[in-house]
**Student:** 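This is the structure, below, for whatever I ask next.
Order of appearance sets the numbers: ligands from 1, and atoms from 1 within every ligand.
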Amino acid sequence: MNSLTRRDFVKSVGALSLAGSSAVAGIAGCATVGGAAKPKVVVVGGGFGGATAAKYIAMWSEGKIDVTLVERGDAFVSCPLSNLVVGGSKSIGDISVAYDGLNKYGIKRVKGEATGFDPDKKTLSLADGTTLPYDRLILSPGIDFMLDSLPGLTSADARAKVLAAWKAGPETVALRNQLTAMTDGGVFAIHIPKAPFRCPPGPYERACQVAWYFQQSKPKSKVLILDANEDVISKKGLFTKAWGGQFKGLIEYRNNQEIQDVDAKTNTLKMTFGEDLKADVLNVLPPMRAGTIATANGLNNSNKRWCQVDWLTYESTAVKNVHILGDSLQIAPLMPKSGHMANQHGKVCAAAVIALLTGDVVNATPMVANTCYSFIDDKNVVHVSSVHRYDAAQKTMVVVAGSGGLSAEANRTEGVFANSWARNIWADMLT
Ligand SMILES: Cc1cc2nc3c(=O)[nH]c(=O)nc-3n(C[C@H](O)[C@H](O)[C@H](O)COP(=O)(O)OP(=O)(O)OC[C@H]3O[C@@H](n4cnc5c(N)ncnc54)[C@H](O)[C@@H]3O)c2cc1C
């Protein structure tokens with residue numbers, strides 16, 4: 001969906017009446033929205049949801065909306081493909097993209113930590129004391145961890161030893177280094193929390209990548225998957241085929257493996273049932289919730305964990321003029337927490353925010369798609385896909401009957417597609 005005009009996109013996702021006026025003309029006639037010369041949109045988070053929303057608002061409004069992107073990181077580092085860095089077939093440089101590509105759209109970029117917002121004054125605050133005024137605020141902060149249930153991981157030292165590596169970056173490299181330092185014959189154990197969490201197939205893909213590395217370099221070693229869920233929650237047949245086939249004897253899967261705590265000093269999991277379990281390299285994915293900027297500011301109105309939105313605009317149901325995208329959302333049925341999905345949220349939200357700021361009509365029938373590839377080894381890949389449409393009666397997104405699909409088996413052609421998918425979606429967000 002690279003370089004689509006807003007009109008093309010809106011047409012492609014459903015019928016939208018532009019009420020006889022172009023989006024740009026509408027904005028030009030809206031010179032004093034929020035008391036400013038141009039309407040102001042501030043986006044927090046330069047990941048899959050936020051970077052997409054910032055780019056598409058700036059591009060589709062042709063600079064008639066003032067867009068500021070606040071991001072704490074220096075560059076975008078992709079979680080998709082980051083398991084290949086753990087497995088050793090890609091480097092962190094291969095999955096990093098600079099933010100400079102957004103400059104040509106006139107997006108103002110602010111490197112900093114957003115800490116809170118004032119919904120009455122419509123201002124966002126940053127940790128360094130900066131205040132940014134907005135007419136519409138868009139938050140796509142991803143996930144943060146719920147460490148209350150795992151006191152052994154509350155200290156930074158413990159988390160530097162027992163890594164999650166569930167936000168791509170230095171931890172991804174550190175986990176790779178732990179694996180290369182491990183002696184042959186060791187055990188890598190990954191603990192998976194109860195769903196929902198970021199990227200349902202991601203932990204199983206990681207297990208395959210580590211097994212692939214062991215197969216070549218440390219064949220006496222073993223991968224242990226300790227899943228708190230009752231069963232494999234994504235692409236089950238495809239993953240279990242690999243575990244019983246090319247990785248037979250290398251990967252062991254155990255279900256219902258709930259933990260009470262982690263002892264980082266000894267790399268030990270304190271199991272709720274059964275004996276404690278020690279590993280040479282321990283990788284714990286703690287339970288997850290919406291990003292802290294959302295939870296610390298009252299947007300987590302679903303089990304105090306995730307954020308509910310109006311699926312037509314992605315506006316929070318808790319706070320007006322604040323929109324939320326990506327992994328922080330309380331998902332609609334069968335909607336995964338994926339980068340592809342967050343990118344689609346970003347586009348629907350961009351079109352809606354432009355419409356809201358210009359008195360235009362918001363699309364009443366948005367439709368989004370998801371494709372999620374998983375690498376079994378460095379070349380063979382499987383995918384799952386789905387299409388989701390807005391259901392006006394239920395006021396949520398539902399899967400389109402008969403849409404989507406699943407690979408028949410892991411194959412090299414999808415390996416080529418998966419690498420292209422990554423390059424294309426990074427370009428779509430960031431160039
Ligand atoms: C190992 C792994 C593999 C994955 N594989 C795939 C895959 O193959 N396909 C797929 O579609 N998805 C995949 N995902 C899931 C995908 O990465 C997420 O669903 C996606 O990143 C969600 O986008 P987001 O915008 O919600 O969050 P993110 O992309 O994480 O972006 C959030 C951004 O906000 C910034 N931020 C947060 N809070 C603040 C703040 N207060 N101030 C300033 N900046 C802030 C962060 O630095 C970050 O850059 C994978 C995830 C993992 C962990």
**Student:** Report yes if the side chains of V41 and I138 come closer than 4.5 Å at any heavy-atom pair, otherwise no.
**Tutor:**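 Of all side-chain heavy-atom pairs linking I138 with V41, at least one is under 4.5 Å.
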**Student:** Between R289 and T295 (side chain of the first, backbone of the second, donor and acceptor by atom type, cut-off under 3.5 Å), is there such a pair?
**Tutor:**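 Here the side-chain-to-backbone pair does not exist.
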**Student:** Tell me whether W421 reaches ligand 1 (any heavy atom closer than 4.0 angstrom to a ligand atom).
**Tutor:**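 So W421 counts as touching ligand 1.
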**Student:** For ligand 1, which atoms, with element, lie under 4.0 Å from some heavy atom of S82?
**Tutor:**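 Once the distances to S82 are compared, the set is 1 (C).
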**Student:** Could you walk me through whether K395 and D310 pass the salt bridge (charged side-chain N to carboxylate O under 4.0 Å, His left out) check?
**Tutor:** CA-CA 8 Å; K395 292 199 164 107; D310 171 349; over 6 Å; no
**Student:** Between the main-chain N or O of T180 and the side-chain N or O of K218, is there a donor-acceptor pair closer than 3.5 Å?
**Tutor:**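 Indeed, once roles are kept as given, a pair shorter than 3.5 Å links the two residues.
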**Student:** Ignoring hydrogens and geometry, is there a side-chain-to-backbone donor-acceptor pair from Q257 to L226 under 3.5 Å?
**Tutor:**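 No, because the side chain of Q257 does not come within donor-acceptor range (under 3.5 Å) of the backbone of L226.
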**Student:** Counting heavy atoms only, name the option from G50, A53, C199 that's nearest to atom 50 (C) of ligand 1.
**Tutor:**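 Minimum heavy-atom distance to atom 50 (C) of ligand 1 goes to C199.
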**Student:** So if I count the atoms of ligand 1 from 1 in the order they appear, which ones are less than 4.0 Å from some heavy atom of S140?
**Tutor:**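 What qualifies from ligand 1 is 24 (P), 25 (O), 26 (O), 31 (O), 32 (C), 33 (C), 34 (O).
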**Student:** Taking only heavy atoms of E113 into account, list the atoms of ligand 1 that are under 4.0 Å away from them.
**Tutor:**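 Reading through ligand 1 atom by atom, the close ones are 40 (C), 41 (N), 42 (N).
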**Student:** Taking 4.0 Å as the limit for heavy-atom contacts, which would you say applies to F375 with ligand 1: side chain only, backbone only, both, or neither?
**Tutor:**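 Within the 4.0 Å criterion, F375 makes no contact with ligand 1.
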**Student:** Of all the atoms in ligand 1, which lie at a distance below 4.0 Å from a heavy atom belonging to G49?
**Tutor:**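 Close to G49: 25 (O).
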**Student:** How does R72 reach ligand 1, if at all, at less than 4.0 Å between non-hydrogen atoms: by side chain, backbone, both, or neither?
**Tutor:**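 Contact part for R72 vs ligand 1: both backbone and side chain.
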**Student:** Identify, by atom number and element, the atoms of ligand 1 in contact range of Y373, meaning under 4.0 Å from any of its heavy atoms.
**Tutor:**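 Counting from 1, the qualifying ligand atoms are 8 (O).
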**Student:** Need the ligand 1 atom indices (1-based, order shown) with element for anything under 4.0 Å from a heavy-atom of G142.
**Tutor:**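 Those atoms are 26 (O), 27 (O), 32 (C).
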**Student:** Using distance alone, with no hydrogens and no angle criterion, decide if S407 and E414 have a side-chain donor and acceptor under 3.5 Å apart.
**Tutor:**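 Note: S407 and E414 side chains meet the donor-acceptor criterion.
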**Student:** What atoms of ligand 1 come closer than 4.0 angstrom to any heavy atom of N83?
**Tutor:**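 With N83 as reference, the close atoms of ligand 1 come out as 1 (C).
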**Student:** If you measure every N or O of R198 against every N or O of ligand 1, does any of those distances drop under 3.5 Å?
**Tutor:**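 Between R198 and ligand 1, an N or O pair is found under 3.5 Å apart.
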**Student:** May I ask you to list the atoms of ligand 1 that are less than 4.0 angstrom from any heavy atom of G112?
**Tutor:**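 Reading through ligand 1 atom by atom, the close ones are 42 (N), 43 (C).
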